[in-house]
> 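Structure provided below as structure tokens; questions to follow.
None of the values given here were measured: they were computed from a predicted structure. Reckoned from all heavy atoms, side chains included, excluding hydrogens, waters and symmetry mates. A note on names: the letters A, B, ... follow the listed sequences, proteins ahead of strands, and every chain is numbered from 1.
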Amino acid sequence: MDSKYNPKDIEAHWYQYWLDNKLFHSEPDCREPFTIVIPPPNVTGVLHMGHVLNETIQDILVRRARLEGKNACWVPGTDHASIATEAKVIKRLKEQGINKSDLTREQFLKHAWDWTDEHGGIILKQLRKLGCSCDWDRTAFTMDETRSKAVIKVFCDLYRKGLIYRGLRMVNWDPERQTALSDEEVIYHDEHNKFYYLRYRVAEDPTKYAVVATTRPETIFGDIAVCINPKEEKNQWLKGKHVIVPGVGRVIPIIEDRYVEIGFGTGCLKVTPAHDVNDYMLGQKYKLKTIDIFTPDAHLNMDTIEPELQPNVRKYHGMDRFDCRKAIVEDLKALDLVEKIEDYDNKVGYSERTNVPIEPRLSLQWFVKMQHFADIALPPVMNDDIVFYPAKYKNTYRNWLENIKDWCISRQLWWGHRIPAWYDAELLAQTGLENYPDDKILVCEGDPNTQMVNGKCQNGKWIQDEGALDTWFSSWLWPISLFNGIDDPGNKEINYYYPTSDLVTGPDIIFFWVARMIMAGYEYVGKMPFKHVYFTGIVRDKLGRKMSKSLGNSPDPLDLIERYGADGVRMGILLSAPAGNDILYDDALCEQGRNFCNKIWNCFRLIKSWEVADNAPSLEERAGERFAIKWFEAKLAQSEAEIADLFSKYRLSEALMEIYKLYCDEFSGWYLEMIKPAYQQPIDRGTYEATLAFFDRLLRLLHPFMPFITEELWHGLEPSKQGCAVRSIMNATLAPIGNVDTAILAEVEDLKAIIAGVRNARAAKNIPPKERLTLISPVALNPLVEKLANVEIKVTGDGLQVTGNCSKFIVGTTEFAIPMDAFINVEEELKKLEADLQHQQGFLRGVMAKLSNERFVQNAKPEIVALEQKKRSDAEARIAALEEAIRALKG
RNA sequence: GGGCGUUUAGCUCAGCUGGUUUAGAGCAUCUGCCCUACAAGCAGAGGGUCCGCGGUUCGAAUCCGUGAACGCCCACCA
């Protein structure tokens with residue numbers, strides 16, 4: 001065996017072995033199910049560090065569940081990511097010199113599918129390199145047949161229930177992609193902007209003017225009124241008057257509404273119902289008309305302005321909204337219609353996907369009524385039927401649901417599930433879309449032109465709605481549709497795998513996805529979609545910056561796997577990733593992971609290097625080995641219980657750290673040193689087999705975290721077949737949680753302290769480990785001390801009674817001495833002992849302060865008082881021993 | 001403007017309902033070791049006014065109040 005672990009070939013070999021033997025595949029059976037559905041990555045995405053974190057955690061949970069004997073099923077898949085993918089396809093087409101607008105819907109979709117088939121699923125291949133144990137036979141896509149059918153069926157069902165409606169609303173419009181977005185897809189950024197104070201001359205008396213403050217002067221073309229608060233003193237004079245929109249010439253009324261905040265700005269608010277949510281609300285209230293001055297790509301459209309005003313504004317036609325802002329301000333300045341311009345900080349909404357400023361736009365869209373869903377989704381989280389880790393996200397969740405707004409689900413995109421709503425061609429030609437009567441819309445699963453709908457043939461020619469559905473409208477069904485639970489409710493799979501066990505995802509999609517899955521789960525299965533939600537943090541670089549392409553601070557995971565091995569990377573990403581905390585990624589963490597692999601590798605190498613002698617003295621005659629085995633059994637049992645507890649709390653990085661310390665400190669550092677045979681001596685069979693059994697248990701504990709190396713070494717143990725058809729650690733089960741012998745654990749902690757005392761003395765005096773020393777002890781000691789500290793033990797019986805120069809130390813209340821006349825430096829030794837003495841005296845003072853406080857003795861619990869008394873007597877004993885040692889040294 | 005969270009060693013974090021030998025871990029640092037499992041290692045060491053202030057208590061990193069810094073979420077003040 002090589003002295004270093006080389007992951008490359010080993011990882012490829014075992015992953016193929018797992019695939020060949022279908023070890024990831026699950027079918028319903030009599031075992032308890034354990035299900036995770038993957039948060040589907042974008043079909044055209046590539047693996048980044050966020051995925052590595054997320055998928056590693058899921059794999060750990062799934063593999064641990066398998067070892068617990070559950071029927072674990074991790075369902076993989078990808079998301080069609082409507083807007084993101086459409087953008088990528090458009091970009092690629094552009095590179096080929098093709099504009100989307102030159103293509104028909106069918107032609108465009110052909111390109112999109114080609115792209116999906118070509119690049120789609122790369123990310124799933126990459127997950128295999130990480131060791132992810134997904135059931136690849138179940139790989140799904142949000143736009144495959146089963147998932148699409150579920151989406152359409154749910155749309156129709158909700159429409160029938162009156163929970164989906166069509167309406168002309170002010171929506172968030174992305175001028176880049178030219179589609180509506182949901183509120184959740186808008187990200188607000190703080191910006192330093194300007195506040196423009198514009199003069200609106202009074203029509204009745206043009207020598208006077210009202211001053212209106214606005215951040216968006218380019219929208220004045222759509223101004224319909226100026227609103228004041230009826231209670232505001234300084235604007236009373238404007239009541240009932242009219243003003244002239246500067247630069248435009250439109251005469252508009254002054255209206256009054258308490259919505260306008262007294263004292264803010266000038267108290268005069270320009271009302272532009274087509275381009276502002278609040279203005280729209282005012283427009284509705286006062287039945288004002290709306291003038292939409294923008295084209296869908298947010299350029300000025302002056303064709304909508306009243307003909308008589310056209311000459312005034314024609315020059316702005318076709319201008320970009322931000323160019324127009326500059327132009328109109330300059331023009332108004334020239335006309336002396338700008339009072340002043342101030343700096344102003346406000347928030348501007350940007351499209352999450354295209355990162356361009358959102359334009360509020362009045363348009364005809366489809367919505368889901370959300371109050372009903374909020375009502376069914378809030379209680380299960382608040383009363384912990386569904387448990388969030390960390391729990392703080394319950395607040396976030398509640399806050400959103402208690403202020404729920406209707407969900408805009410239609411998108412003016414082609415890549416996605418097409419809205420199954422149909423319009424009668426003839427009627428549509430008469431009315432247009434906006435005025436098409438709702439009760440004449442046909443919402444159905446099939447095509448009414450070619451098949452029966454609602455049990456009958458639909459006469460006439462039907463035209464389908466042009467829109468596609470929000471991607472999340474398919475994602476929210478994911479845990480159900482993966483098991484075909486929408487189209488075939490109550491089927492064997494949905495009954496078995498649903499509710500799923502754990503969901504692992506980022507808190508950034510708690511509203512987009514988590515909340516909506518809970519809604520859909522209760523609506524369509526009547527049960528929660530998952531029992532636990534583990535929110536991961538954001539992966540940042542070690543300086544705390546978000547990883548991004550532009551910063552170039554995001555390492556390529558495949559490159560990391562190449563350098564550190566998949567197991568090393570898994571450990572690296574997990575080590576400092578408590579649930580919900582951001583993780584500061586650093587290559588050093590992967591390095592630690594790689595080093596750990598090497599450590600385990602070498603433990604194994606050591607054990608395997610021993611010659612087993614059947615004729616050697618048996619374990620019965622070896623007290624030291626028997627003791628070591630008994631101790632490690634206790635230690636292992638303790639850790640197994642601890643790790644199980646940590647898993648139950650989803651404290652995975654702590655569980656891994658526990659295993660790490662168990663291997664490095666307890667097993668390698670102590671146990672193996674205890675039982676290690678002398679140079680070129682064989683080991684007895686009893687000890688050898690006990691050690692192999694321990695190693696086996698250690699591998700099973702570690703396997704969920706580091707699947708590859710544990711599988712490799714587990715085979716090296718040549719374990720018995722255990723009645724399994726396929727030999728794999730994946731088919732093993734964890735050791736049951738046993739009782740812990742705490743007495744022996746305490747005993748060994750003392751032994752370790754004594755050995756450390758000797759080593760410490762050696763280090764201080766530069767005595768090599770090879771040189772055998774004498775350890776004078778007042779009590780009999782376990783012979784393992786002789787072996788591990790390389791000392792000869794002299795027991796003095798009552799008291800230490802040592803004369804001459806020696807190094808002394810105390811463990812508990814017992815004093816030990818190591819004679820070393822040749823090396824001793826009395827002054828240094830005294831200094832050390834005196835420092836210790838001072839520390840002990842300080843400690844005693846603290847204890848005494850408590851014990852001499854009557855109120856403490858009266859009020860504290862008796863066991864606490866007893867403990868303080870023990871501290872006191874122990875400290876006194878140590879002080880006496882130290883004083884004695886100092887006296888001896890001085891004398 | 002509301003709400004939530006964080007602040008403990010150089011770094012990343014544990015420390016649950018106050019008392020567990022005057023605060024723990026991993027990493028990093030320093031010192032000494034290539035001793036035939038492992039230098040990707042071993043042995044040892046140093047390192048903290050538990051963010052500040054006030055309070056409750058016999059006793060506070062832990063509970064309460066207050067202030068500060070940082071972070072996140074939500075909100076229609078033009």
> Any carboxylate oxygen within less than 4.0 angstrom of a Lys/Arg side-chain nitrogen, looking at A/Glu359 and A/Arg216?
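Yes, A/Glu359 and A/Arg216 are salt-bridged.
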> Between B/U6 and B/U62, how far apart are the P atoms? Round to whole Å, please.
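Result for the P pair: 14 Å, nearest Å.
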> Looking for any heavy atom pair under 4.0 Å, which part of the strands does A/Lys4 touch: base, sugar-phosphate only, or nothing?
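If one applies the 4.0 Å heavy-atom cut-off, A/Lys4 turns out to touch a base.
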> Is it the case that more than 12 heavy atoms not belonging to A/Arg872 sit under 6.0 Å from its CZ atom?
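Counting other residues, nucleotides and ligands, CZ of A/Arg872 stays at 12 neighbours or fewer.
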> So does A/Arg878 reach the base of B/U21 with its side chain, donor to acceptor, closer than 3.5 Å?
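For A/Arg878, whose side chain was compared with the base of B/U21, there is a donor-acceptor pair (under 3.5 Å).
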> Is any side-chain N of the basic residue among A/Glu863 and A/Lys870 closer than 4.0 Å to the acidic one's carboxylate O?
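A salt bridge is absent here (no side-chain N lies under 4.0 Å from a carboxylate O).
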> Rounded off to whole Å, could you give me the CH2-to-P distance for the A/Trp610 and B/C38 pair?
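A/Trp610 atom CH2 is separated from B/C38 atom P by 13 Å.
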> Does a side-chain N-to-carboxylate-O contact under 4.0 Å join A/Lys831 and A/Glu829?
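Salt bridge: no.
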> Using a 4.0 Å heavy-atom cut-off across all strands, classify A/Asp874 as base, sugar-phosphate, or nothing.
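Base contact - A/Asp874 has a heavy atom under 4.0 Å of at least one base atom.
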> Between B/G48 and B/C58, how far apart are the two P atoms, rounded to whole Å?
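Looking at atom P only, B/G48 and B/C58 are 32 Å apart.
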> Considering Watson-Crick and G-U wobble pairs with both distances under 3.5 Å, what does B/C72 pair with?
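Result: B/G3.
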> CD of A/Gln838 versus C1' of B/U22: gap in Å, rounded?
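These atoms are roughly 14 Å apart.
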> For the pair made of CD1 in A/Ile538 and P in B/G5, what is the distance, rounded to whole Å?
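Those two atoms, CD1 and P, are 18 Å apart.
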> Are A/Asp836 and A/Lys832 ion-paired here, with the side-chain N under 4.0 Å from a carboxylate O?
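So A/Asp836 does not pair with A/Lys832 through a salt bridge.
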> What does the B/S/- profile of nucleotides 73-78 of chain B look like, 5' to 3', with a 4.0 Å heavy-atom cutoff to protein?
SBBBBB
> Would you indicate what A/Asn859 reaches in the nucleic acid, counting non-hydrogen atoms under 4.0 angstrom: base, sugar-phosphate, or nothing?
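Touches a base.
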> Which part of the nucleic acid, if any, lies within contact of A/Lys542, taking any heavy atom under 4.0 Å across all strands shown: a base, the sugar-phosphate backbone alone, or nothing?
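If one applies the 4.0 Å heavy-atom cut-off, A/Lys542 turns out to touch nothing in the nucleic acid.
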> Quick one: A/Leu606 CG to B/A37 P, roughly how many Å, whole number?
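Between P of B/A37 and CG of A/Leu606: 6 Å.
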> Report the residue from A/Phe667, A/Tyr671, A/Tyr663 that forms a ring pair (Phe, Tyr, Trp, His ring centres under 6.0 Å) with A/Phe694.
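That would be A/Tyr671; it is the only one of A/Phe667, A/Tyr671, A/Tyr663 passing the ring pair (Phe, Tyr, Trp, His ring centres under 6.0 Å) with A/Phe694.
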> Rounded to whole Å, please give me the gap between CZ in A/Arg855 and C1' in B/G59.
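Nearest whole value for this atom pair: 10 Å.
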> Can you figure out which of B/G44, B/C58, B/U22 approaches the side chain of A/Asn853 most closely?
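Shortest atom-to-atom distance from the side chain points to B/C58.
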> When we call it a touch if two heavy atoms are under 4.0 Å apart, what does A/Glu673 touch: a base, just sugar-phosphate, or nothing?
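Contact class for A/Glu673: base.
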> Touch check for A/Gly846, heavy atoms < 4.0 angstrom, all strands: base, sugar-phosphate only, or nothing?
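No contact.
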> Could you please name the option among B/U21, B/C58, B/C35 that lies closest to any side-chain atom of A/Pro769?
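For A/Pro769, the side-chain atoms sit closest to B/C35.
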> Taking everything shown except A/Lys546 itself, do over 12 heavy atoms lie less than 6.0 Å from its NZ?
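No, because the 6.0 Å sphere around NZ of A/Lys546 holds 12 heavy atoms or fewer from other groups.
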> So for A/Lys599 and B/C38, does any side-chain atom that can act as donor or acceptor lie under 3.5 Å from a complementary atom in the base?
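Result: at least one qualifying N/O pair found.
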> Is A/Lys752 paired with A/Glu666 through a side-chain N to carboxylate O contact shorter than 4.0 Å?
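Between A/Lys752 and A/Glu666 there is a salt bridge, with a charged N closer than 4.0 Å to a carboxylate O.
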> With a 4.0 Å heavy-atom cut-off, tell me which residues in residues 582-597 of chain A come close to RNA chain B, sorted by residue number.
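Only A/Asp582, A/Leu584, A/Gln592, A/Arg594, A/Asn595 qualify.
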> Ion pair present between A/Asp406 and A/Arg169, side-chain N to carboxylate O less than 4.0 angstrom?
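Judged by the 4.0 Å cut-off on N to carboxylate O distance, A/Asp406 and A/Arg169 do not form a salt bridge.
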